[in-house]
Visitor: 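Attaching a single structure in structure tokens format; questions to follow.
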Amino acid sequence: MAHLLGADGISLTVGTRTLLDDVSLGLDDGDRVGIVGPNGAGKTTLLRLLAGTQQPDGGRVTRVGGLRVGLLDQRDDVGTGATIRDLVHGDAATHAWASDASIRTVHAGLLGDLDLDAPADTLSGGQRRRVALAALLVADHDVLFLDEPTNHLDVEGVAWLAAHLGDRFARPGAKGALVVVTHDRWFLDAVCSRMWEVRGDGSGQVEGYEGGYAAYVLARAERQRTAAVAAEKRDNLLRKELAWLRRGAPARTSKPKFRLDAAAALIADVPPPRDTLELTRTATKRLGKDVLDLEDVTVAVPRQDGQGERVLLDDVTWRLGPGDRYGVVGVNGAGKTTLLALLAGRREPDSGRVKRGKTVHVAELSQDVGELDDIAGARVIQVIEDEKRSVVVDGKELSASQLVERLGFTRERSQTLVRDLSGGERRRLQLLRLLVAEPNVLLLDEPTNDLDTDTLAALEDLLDGWPGTLIVVSHDRYLLERVADRQVALLGDGQVRDLPGGVEQYLELRRAALAVPGAASSGFAPAAGGDGGAEGAPDAAAPAGPSAAEVRAAKKEINRIERRLSKIAEAEARLHEKIAANATDFAAVAELDAELRTLAAEKDELEAAWLEAAEVAG
């Protein structure tokens, strides 16, 4: 593999903090590196030093002659008067790039719902991010440096970007290298073959690990275990030396014994999984039977072009019980945040109703955490203590200071004024503020924004033991699969659709929808990460389809069938458990097998009916 770029003993100090100290790194053809570390550790700084947009205090960065380097910064600057076409292609003639299949792929993946001649200064933050990313991907760079490329991208956009970068850099004989800073752990696992951890502990060191995020977590844990064993050795030696000094040399007869576990033992002794049954029982005691029910709810918003309205939710019925934990994914602009607003009581439906249980106490984490502006002069620990001095988490009583420390605020940092906190710290503080109020329904809107991977792990650990009803809107697949027991999707058709197969099923549904001619005009337009665009007008040349009443009836039938299929899946799981428990009782097994066959026949009929209804519903 050809060497492309190297850092030779680079160092950088900001104020009194040493971010990097005598760090040496290298990039070769085919390298796909993910950079992780605490917020403020210097990940973005390292990226800029390697890209050449910032210079180190000491050491040097070397590159092979003629190396073309591209950097996606977190700042998406847009020139006044420039169009999207200008930003992506500059003054290149249309025929020069339109004939390139790889460029057309980028257009379809990131710019499919945007007008290339639209002025760029009117774009939303998410749309600007996609345009900046597209401009970088269509250029012919040897090394790509991406700083938080998944920000503002939805689940579908993240999956597309991972597939595109994998196809470009991971294929056999691939040229060039990729370096990415991101908190999206699924993306790191899907794309990266190596990890660099910026320590952020004042040492200024960067540790290297082979493999993606999962391999990095395992290797880091093993390193920490080895370090703990070494520390235990030193402690044992010190204790024995003290005993020798007290009792004399003749009494020192025993030899030290050290237990070194194999790497396999590290993952053999895993923590117990979340006890869903126990948490549901606890939540039921606190909440009662009724929590939140959407009954025949319809919500519409004005179209961006001012031509009529766009229906976000169409006659939706969705019931949330005590202890339910849902992850919500969907097309940007399909109504995910609106759905949370309905559940939180910040918005009323245009028709239908939202029924609330008498004991429901809802807490909502918004995307912008502007609620902290009113207490900017308070200290972190003061904010939490003003809410409550202690709270019970996972069966243990934690003081405010312990809870603050659990989510990454050191003792010194807990005395910081709110106005001086970083974006990630403000998000952590707002979440803590919600939790100590002990709500029994928690609504989280993109909670992973601005959080580093270690803080995300701590957040998931905290939510694991939290009893109550949890609704999470997020593009972070790792988070959704960790904290949610079930997932639903908003596909842009006005319905809340159950996803027994999780995010992967959602992506399959989206691919199937986009494969249907005219899908983009029926509310299923590509949405690789914008903040919601206007719904296109129906194709006048398309053949006449079913009536609105037939479509609505078909959608209701689909919802009914999906609910029944979910119940059948649960019944099948119970029957399989019973068969295993009665393996030696042939009569019981035969009876249980007959029940399984009956359920299988019903499932076949329902799946056929689902396909028929889906054809009508579009």
Side-chain angles (χ1 to χ4, degrees), residues 27 30-39 41 43 47 72 109 133 144-172 174 176-198 206-224 263-264 266-267 270-271 273 327 329 446-461 463-464 472 474-484 487 499 501-508 528-529:
L27 284 176
D31 280 349
R32 290 163 285 130
V33 181
I35 302 180
V36 294
N39 288 334
K43 301 186 296 293
L47 207 67
L72 177 73
L133 191 55
L144 288 183
F145 294 100
L146 307 181
D147 195 359
E148 296 292 356
T150 62
N151 278 3
H152 303 293
L153 296 187
D154 60 17
V155 172
E156 190 178 2
V158 173
W160 177 88
L161 181 60
H164 179 82
L165 294 175
D167 181 61
R168 178 170 175 179
F169 293 103
R171 67 180 186 274
L178 170 71
V179 183
V180 57
V181 171
T182 181
H183 65 265
D184 192 314
R185 294 154 296 173
W186 178 88
F187 184 83
L188 288 171
D189 247 352
V191 172
C192 299
S193 58
R194 294 169 59 195
M195 302 291 294
W196 291 341
E197 180 190 23
V198 183
V206 178
E207 300 282 357
Y209 298 84
E210 292 298 323
Y213 180 77
Y216 151 73
V217 171
L218 179 61
R220 189 176 70 161
E222 174 61 13
R223 284 191 183 183
Q224 291 173 347
L266 184 67
I267 57 174
V270 295
V329 296
E446 296 293 354
T448 65
N449 286 354
D450 302 316
L451 298 184
D452 59 61
T453 53
D454 284 348
T455 303
L456 286 173
L459 167 62
E460 291 161 351
D461 184 52
L463 292 176
D464 260 348
V472 183
S474 180
H475 65 269
D476 190 322
R477 292 172 65 171
Y478 201 106
L479 176 86
L480 291 174
E481 291 167 0
R482 170 80 189 273
V483 305
Q487 288 158 17
L499 296 175
V503 173
E504 204 56 47
Q505 181 184 359
Y506 163 71
L507 294 174
E508 290 175 2

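Fair warning: this is a prediction, and the values are worked out from it, not measured in the lab.
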Visitor: If we only count heavy atoms from C-beta on, is the Val329 to Asp154 side-chain gap below 4.5 Å?
Guide: no
Visitor: Calculate, to the nearest 0.5 Å, the distance between atoms CG and CG belonging to Leu146 and Leu178 respectively.
Guide: 5.5 Å
Visitor: Would you say that Arg477 contacts Asp189 through its side chain, given a criterion of any heavy-atom pair below 4.5 Å between the two side chains?
Guide: no
Visitor: Given Tyr209 and Val36, is the side-chain contact (heavy atoms from CB on, under 4.5 Å) satisfied, shown in steps?
Guide: CA-CA 11 Å; Tyr209 298 84; Val36 294; over 6 Å; no
Visitor: Over all heavy atoms of both residues, which pair between Ala484 and Gly327 is shortest? Give the atoms and the distance, please.
Guide: CB-N, 3.5 Å
Visitor: Which atom pair, heavy atoms only, marks the closest approach of Ala162 to Ala190?
Guide: CB-CB, 4.2 Å
Visitor: Would a distance-only check, ignoring hydrogens and angles, find a side-chain to backbone donor-acceptor pair under 3.5 Å from Arg171 to Asp167?
Guide: yes
Visitor: Looking at CG of Asp452 and CG of Asp454, how far apart are the two atoms once the value is rounded to the nearest 0.5 Å?
Guide: 5.5 Å
Visitor: Identify the heavy atoms of Ala159 and Leu507 that sit nearest to each other, and give their distance.
Guide: CB-CD1, 3.9 Å
Visitor: Between Asp31 (side chain only) and Val33 (backbone N and O only), is there a donor and an acceptor less than 3.5 Å apart?
Guide: no
Visitor: Rounded to the nearest 0.5 Å, how far apart are CG of Asp461 and CZ of Arg482?
Guide: 6.0 Å
Visitor: As an exercise, state the distance from CZ of Arg32 to CG of Leu188, rounded to the nearest 0.5 Å.
Guide: 12.0 Å
Visitor: With a 4.5 Å heavy-atom cut-off, do Asp184 and Leu153 have their side chains touching?
Guide: no
Visitor: Run through Phe187, Tyr478, Trp186 and flag the one making a ring pair (Phe, Tyr, Trp, His ring centres under 6.0 Å) with Tyr213.
Guide: Tyr478
Visitor: Where do Leu133 and Pro149 come nearest, in terms of heavy atoms and distance?
Guide: CD2-O, 4.1 Å
Visitor: Keeping the roles fixed (side chain from Gln487, backbone from Val503), state whether a donor-acceptor pair exists under 3.5 Å.
Guide: yes
Visitor: Determine the minimum heavy-atom distance between Val155 and His475, stating which atoms define it.
Guide: CG2-CA, 3.5 Å
Visitor: Side chains of Arg185 and Asp476: closer than 4.5 Å at any heavy-atom pair?
Guide: yes
Visitor: Would you find a donor on one side and an acceptor on the other, under 3.5 Å apart, between the side chain of Lys43 and the backbone of Pro38?
Guide: yes
Visitor: Working to the nearest 0.5 Å, report the span between CG of Leu479 and CG of Leu456.
Guide: 7.0 Å
Visitor: Is the shortest side-chain heavy-atom distance between Thr448 and His183 below 4.5 Å?
Guide: yes
Visitor: Starting at CD1 of Ile35, measure out to CE of Met195 and round the result to the nearest 0.5 Å.
Guide: 9.0 Å
